[in-house]
Amino acid sequence: MSTWEMKGEYLKNCNCLATCPCDTEGFPSPHKYCEGIVGMHVTEGNFGDVRLDGLYWAGIVHWPGAMHEGNGRLQPLIDERANEEQRAAMLEILSGKNGGPLFEILAAVCPTVYPPQFVPFTWEFDKDGRHARLTAGKLLKASSEPLTVPATGEQQRVRVVMPDGFEYREMEVARSTELEASGEISFSYKNTHSSLAQVEHTPAGLTA
């Protein structure tokens, strides 16, 4: 098993309510199925001797029920700027075969994995401001903005802390104002859940 690390900005937008009950109770709402996207800007990273700094990856996912019930599908998306070694390294990490609880779990609950697509990315990310924007070729568009107080329209800050989390230890809750995917997995949502986090993934798990 190769040593590796990925540190950087992490975004998750899905079809759940803004507070994402999957993170706490394990079952999606208001739908009985779960679908969405995850993406990361790797500010520092490596797989063995291969550097991954500055690259992006994302995944489009769909489960027919709750995530832990399995039978999911995953479309990996890799930054087209990555060279052959970097592409292979990122796919090795995402496969879950080299450790990392998040990626091991994704592999276990997503038996169907489509061929990776190598596409251009755009990325904007402000964790404290709860603003984000991600595009990956023509396959994925996602944007996030702060929650608001219904009675006043003022911005509302909600932070979720998960000391034993495998995806992140702490995240800012936001509203996904745009969530669109096409290709093998396609969907379109507005005003659903978004998570913004800073993460450090290693084979043994999160270090931050």
Side-chain angles (χ1 to χ4, degrees), residues 1-14 20 22-23 36-61 67 72 74-110 113-128 131-137 139-140 142 144 159-172 174 181 194-208:
M1 181 181 293
S2 295
T3 59
W4 60 268
E5 180 182 26
M6 287 200 300
K7 175 181 179 180
E9 301 164 339
Y10 182 81
L11 177 68
K12 177 178 74 177
N13 288 26
C14 67
C20 193
C22 294
D23 276 343
I37 65 95
V38 294
M40 186 173 180
H41 173 209
V42 183
T43 55
E44 296 179 42
N46 71 282
F47 182 82
D49 295 330
V50 180
R51 298 302 308 178
L52 304 174
D53 303 12
L55 296 176
Y56 303 97
W57 63 264
I60 303 171
V61 289
M67 286 184 285
L74 168 65
Q75 172 66 74
L77 305 173
I78 303 295
D79 192 338
E80 68 174 6
R81 298 175 303 146
N83 61 33
E84 290 300 319
E85 283 189 327
Q86 291 170 324
R87 293 181 181 193
M90 295 184 81
L91 289 171
E92 277 292 316
I93 295 173
L94 296 183
S95 74
K97 297 176 182 178
N98 291 273
L102 171 61
F103 306 108
E104 291 174 323
I105 290 170
L106 277 176
V109 297
C110 289
V113 179
Y114 298 109
Q117 301 296 308
F118 303 99
V119 295
F121 277 71
T122 63
W123 182 274
E124 299 171 13
F125 190 90
D126 178 1
K127 177 174 174 281
D128 290 339
H131 283 281
R133 181 174 179 272
L134 163 64
T135 68
L139 297 173
L140 185 163
S144 307
R159 182 183 294 151
V160 174
V161 177
M162 304 178 72
D164 299 320
F166 62 85
E167 186 177 9
Y168 33 59
R169 295 281 177 81
E170 177 185 304
M171 62 91 161
E172 295 280 353
S194 178
S195 305
L196 286 75
Q198 294 280 347
V199 297
E200 294 183 29
H201 286 284
T202 71
L206 286 170
T207 59

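All heavy atoms count here, side chains included; hydrogens, waters and symmetry mates do not. Quick note: residue numbers are just sequence positions, from 1.
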Parallel, tilted or perpendicular: which fits the ring planes of Y56 and F121, with parallel below 30° and perpendicular above 60°? parallel

Passing option when Q75 is tested against V61, L140, I60 for side-chain contact (heavy atoms from CB on, under 4.5 Å): I60

Spacing of CE belonging to M67 relative to SG belonging to C14, to within rounding of 0.5 Å: 7.5 Å

Counting only heavy atoms from other residues, nucleotides and ligands, does the tally under 6.0 Å from CG of D49 exceed 12? no

May I have the step-by-step check of side-chain contact (heavy atoms from CB on, under 4.5 Å) for L77 and I37, ending in yes or no? CA-CA 10 Å; L77 305 173; I37 65 95; over 6 Å; no

Side chain to side chain contact (heavy atoms under 4.5 Å, CB included) with R87: which residues, sequence neighbours excluded? I78, E80, A82, E84, F118

Would you compute the distance between atom CG of L94 and atom SG of C110 and round it to the nearest 0.5 angstrom? 11.5 Å

CE (M162) and CZ (R169) are apart, to the nearest 0.5 Å, by 11.0 Å

Pairs touching residues 116-128 that satisfy salt bridge (Lys or Arg N to Asp or Glu O under 4.0 Å), sequence neighbours left out: K127-E170, D128-R157

Contacts table for residues 38-48: side-chain donor-acceptor under 3.5 angstrom, sequence neighbours left out:
unit_1 : atom_1 : unit_2 : atom_2 : d
H41    : ND1    : E9     : OE1    : 3.1
T43    : OG1    : K7     : O      : 3.0
N46    : ND2    : G48    : O      : 3.0

Could you check if a side-chain atom of L11 sits within less than 4.5 angstrom of a side-chain atom of W123, using non-hydrogen atoms only? yes

Would you compute the distance between atom CG of L196 and atom CZ of R159 and round it to the nearest 0.5 angstrom? 12.0 Å

When rounded to the nearest 0.5 Å, the distance separating OG1 of T135 from CG of L139 is 10.5 Å

Residue among D79, L91, D53, L55 satisfying side-chain contact (heavy atoms from CB on, under 4.5 Å) with Q86: L55

Partner of Y10 under side chain to side chain donor-acceptor pair (under 3.5 Å), chosen from E200, E167, Q198: E167

Which atom names give the shortest non-hydrogen contact between F166 and P101, and what distance separates them? CB-CB, 4.0 Å

Minimum heavy-atom separation for A197 to F125, with atom names? O-CZ, 3.5 Å

Roughly how far apart are H201 NE2 and F103 CZ, rounded to 0.5 Å? 5.0 Å

Would you sort out whether M6 and W57 count as a side-chain contact (heavy atoms from CB on, under 4.5 Å), showing the intermediate values? CA-CA 11 Å; M6 287 200 300; W57 63 264; 3.5 Å; yes

